[in-house]
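A quick write-up on the structure given underneath.
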Amino acid sequence: MEKILGNSNVKGGYSEKIPIVGKERRECCLGCPKRWLLVLLGFFGIANVYAMRVNLSVAMVAMVRKQNRIDETHAGIACLELLKHQPNSSSSSSDSDGDFDWDASTQSLILGSFFYGYVITQIPGGVFAEKYGAKWLFGIGVFITSVFTLLTPYAAFWGVWPLVIVRAIEGLGEGVTFPAMNALIGRWAPKNERSSMSAIVYNGSSVGNVLSFALSGIISDTLGWPSVFYIFGILGIVWTFFWLFLVSETPELHPCITEEEIEYIRRGQESSGEWKTHAVPWKAILSSRFVWALVITSFGQGWGFYTLLTELPTYLAQILHFDIKKNGVLSAFPYLMQACLSISSSFIADSLRASGRFRINTIRKWFNSIAFFSPALCIVLVAYVGCQPTVIIILLAVSAGLNGFHNSGYGVTHVDMSPEFAAVTINCLLLSMVGGATGAIFFP
């Protein structure tokens with residue numbers, strides 16, 4: 001059983017009417033190539049969901065009452081010498097007590113609850129994206145995450161378990177976004193633009209982290225921590241409307257794409273001009289050693305990435321003793337580096353592929369090795385430099401920055417392997433990444 005999304009005339013020509021919809025194509029005021037409009041909105045969509053995912057990590061610093069970190073004897077205080085230049089907690093608004101008396105295990109439960117829902121919708125997300133359409137699935141996923149982000153402050157005041165449930169539902173909504181986006185990239189990306197398109201879209205995660213970390217600390221300090229969730233939730237809802245009106249499922253279905261761009265995309269995919277969805281070959285996917293190699297790689301990425309993502313604000317607050325405003329800005333800095341290096345490395349990867357001098361397998365392995373071994377070395381060095389905040393921040397920034405090379409490594413390999421089943425194969429990677437993330441949160 002197969003379904004054709006769009007159609008074409010013989011010899012690579014395309015119908016003057018939009019397939020299925022039957023409307024005439026029209027000129028559009030947005031004159032940019034429509035595949036790059038998809039990339040732009042996909043980038044902001046991923047940025048939104050990551051901002052809503054991680055804002056709790058910074059807001060938690062303001063939400064939780066201080067646990068007598070600095071007692072009279074200073075017993076058990078790490079990097080005590082860094083406290084001598086810090087203002088007294090009673091004289092700083094940013095160090096004022098929070099509203100909740102949560103211990104470390106409760107905080108871990110709340111931070112980890114997002115992944116309870118996230119893991120559930122991975123496989124269904126890929127199947128629904130292939131069967132019913134990735135555009136609407138992605139948009140609905142972001143919308144659900146946005147709505148429940150708005151409800152987060154109310155849930156927190158109701159109690160720990162209502163907050164856990166709300167965060168888990170956010171995870172349910174966000175769990176479908178990556179499978180859906182992979183399906184769209186598989187349908188819209190020519191081979192020689194695959195690394196750059198994927199890297200730019202998924203670099204939204206780094207930019208979302210930067211914005212969320214940097215702004216959450218400032219917003220918490222000036223407007224109060226509930227405003228963090230209201231602002232990011234509203235931004236997500238506004239984005240949803242732009243996405244639903246400006247993006248189409250396939251190039252052929254877009255109401256104002258040019259025939260030249262459709263032909264360019266399909267020739268770049270070595271396609272006949274039709275996009276067909278086939279029955280998912282689960283046995284072949286699950287028995288492939290190449291898929292399992294990606295699964296193991298994804299598990300390692302998830303463990304390391306989410307350890308830094310969820311624990312960095314707490315580390316900066318409790319070990320390096322930064323106030324919440326500096327905490328947010330410094331937490332964002334590593335992901336700003338990651339955003340810059342991820343995009344630049346993707347264009348290098350595509351240039352190397354277009355040159356024909358290296359096999360795609362070689363390019364992916366080089367970039368993935370840089371993304372994994374270099375950050376591992378930097379993180380090990382952090383343990384040996386002592387209480388030197390400047391050196392530690394630089395090492396963390398270099399670590400996260402070089403990790404951005406993974407978007408041109410294993411992060412796009414599943415699309416190379418099978419563009420038509422990209423939304424399904426990504427589920428295997430995301431499930432393993434969620435496993436790594438869960439380990440990172442509960443066993444940091």
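- Rounded to the nearest 0.5 angstrom, Ile185 CD1 and Met197 CE are separated by 6.5 Å.
- Looking at heavy atoms from C-beta onward, Ile237 lies in side-chain contact with Leu150 at the 4.5 angstrom threshold.
- Residues Leu38 and Leu184 form a side-chain contact, since some pair of their non-hydrogen atoms from C-beta on lies under 4.5 Å apart.
- Applying the side chain to side chain contact (heavy atoms under 4.5 Å, CB included) criterion to Asn48, with sequence neighbours excluded, gives Met52, Leu235, Trp239.
- Heavy atoms only, all atoms of each residue included: Trp188 and Ser248 are closest at NE1-O, 3.4 Å.
- Between Leu172 and Tyr118, the closest side-chain pair of non-hydrogen atoms is not below 4.5 Å.
- Taking CD1 from Ile218 and OG1 from Thr222, the interatomic distance works out to 7.5 Å, rounded to the nearest 0.5 Å.
- For residues 51-64, every residue pair satisfying the salt bridge (Lys or Arg N to Asp or Glu O under 4.0 Å) rule, not counting sequence neighbours, is listed here: Arg53-Glu174.
- In terms of heavy-atom proximity, Leu316 sits nearest to Ile393 at CD2-CD1, 3.8 Å.
- Listed by first and then second residue, the salt bridge (Lys or Arg N to Asp or Glu O under 4.0 Å) pairs that reach into residues 196-216 come to none, sequence neighbours excluded.
- For OH of Tyr230, the number of neighbouring non-hydrogen atoms (other residues, nucleotides, ligands) closer than 6.0 Å is greater than 12.
- For Asn203, the side chain to side chain donor-acceptor pair (under 3.5 Å) criterion is met by Ser342, not counting sequence neighbours.
- The distance from atom NE2 of His406 to atom OG1 of Thr297, rounded to the nearest 0.5 Å, is 11.0 Å.
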Name every donor-acceptor pair, under 3.5 Å, that has one atom in a side chain of residues 370-383 and the other anywhere in the protein, sequence neighbours excluded.
unit_1: Ser374; atom_1: OG; unit_2: Ile370; atom_2: O; d: 3.3

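- Using a 4.5 Å heavy-atom cutoff, the side chains of Asn368 and Lys365 are not in contact.
- Residues forming a side chain to side chain contact (heavy atoms under 4.5 Å, CB included) with Val176 (at least two apart in sequence, or on another chain): Thr121, Leu137.
- The closest side-chain heavy-atom distance from Ile46 to Phe138 is below 4.5 Å.
- Atoms OG and OH, on Ser408 and Tyr202 in that order, are 13.0 Å from each other to the nearest 0.5 Å.
- Taking both residues in full, the closest heavy atoms of Ser196 and Ser346 are given as CA-OG, 3.6 Å, listed atom of the first, atom of the second, then distance.
- Distance NZ/Lys34 to NE2/His254: 6.0 Å, rounded to 0.5 Å.
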For residues 152-163, please give each side-chain donor-acceptor pair under 3.5 Å, one per line with the distance, not counting sequence neighbours.
unit_1: Thr152; atom_1: OG1; unit_2: Phe148; atom_2: O; d: 3.0
unit_1: Thr152; atom_1: OG1; unit_2: Thr149; atom_2: O; d: 3.2
unit_1: Thr152; atom_1: OG1; unit_2: Glu170; atom_2: OE2; d: 3.2

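- Note: Phe305 and Tyr335 have perpendicular aromatic rings, judged against thresholds of 30 and 60 degrees for the angle between ring planes.
- A search for ring-ring contact (aromatic ring centres under 6.0 Å, His included) contacts involving Phe232 returns nothing, not counting sequence neighbours.
- Looking at every heavy atom in both residues, Ala400 comes nearest to Pro334 through CB-O, 3.4 Å.
- Between Asn209 and Ser212, the side chains place no donor N or O within less than 3.5 Å of an acceptor N or O (distance only, hydrogens not considered).
- Ser399 OG to Ile394 CD1: the interatomic distance, rounded to the nearest 0.5 Å, is 13.5 Å.
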Leu56 and Leu111: CA distance, side-chain angles, deciding distance, side chain to side chain contact (heavy atoms under 4.5 Å, CB included) verdict: CA-CA 7 Å; Leu56 182 60; Leu111 290 172; 4.1 Å; yes
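- Within the 4.5 Å cutoff, the side chain of Leu308 has no heavy atoms near those of the Tyr315 side chain.
- Not counting sequence neighbours, the partners of Val207 by the side chain to side chain contact (heavy atoms under 4.5 Å, CB included) test are Phe43, Leu211, Ala339.
- By the 4.5 Å heavy-atom criterion applied to side chains, Ser220 and Met63 are not counted as neighbours.
- Counting heavy atoms from C-beta on, the side chains of Tyr410 and Arg364 never come closer than 4.5 Å.
- For Ala397, the side chain to side chain contact (heavy atoms under 4.5 Å, CB included) partners at least two apart in sequence or on another chain are Phe333, Met337.
- Using bins of under 30°, 30° to 60° and over 60° for the plane-to-plane angle, the ring pair Phe229/Trp225 lands in the perpendicular bin.
- Here the shortest heavy-atom pairing between Gly173 and Thr145 reads C-OG1, 3.6 Å.
- Heavy atoms of other residues, nucleotides or ligands lying less than 6.0 angstrom from CH2 of Trp36 number more than 12.
- In this view, Arg35 and Glu193, Glu261 satisfy the salt bridge (charged side-chain N to carboxylate O under 4.0 Å, His left out) rule, not counting sequence neighbours.
- When all heavy atoms are compared, the tightest approach of Gly386 to Ile392 is O-CD1, 3.3 Å.
- Checked by atom type and distance alone, the side chain of Ser288 pairs as donor or acceptor with a backbone atom of Phe290 at under 3.5 Å.
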Audit row: Leu244, Trp136, side chain to side chain contact (heavy atoms under 4.5 Å, CB included) steps and yes/no: CA-CA 7 Å; Leu244 295 180; Trp136 281 94; 3.8 Å; yes
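- Residues in residues 144-166 take part in no salt bridge (Lys or Arg N to Asp or Glu O under 4.0 Å) pair, two or more places apart or across chains.
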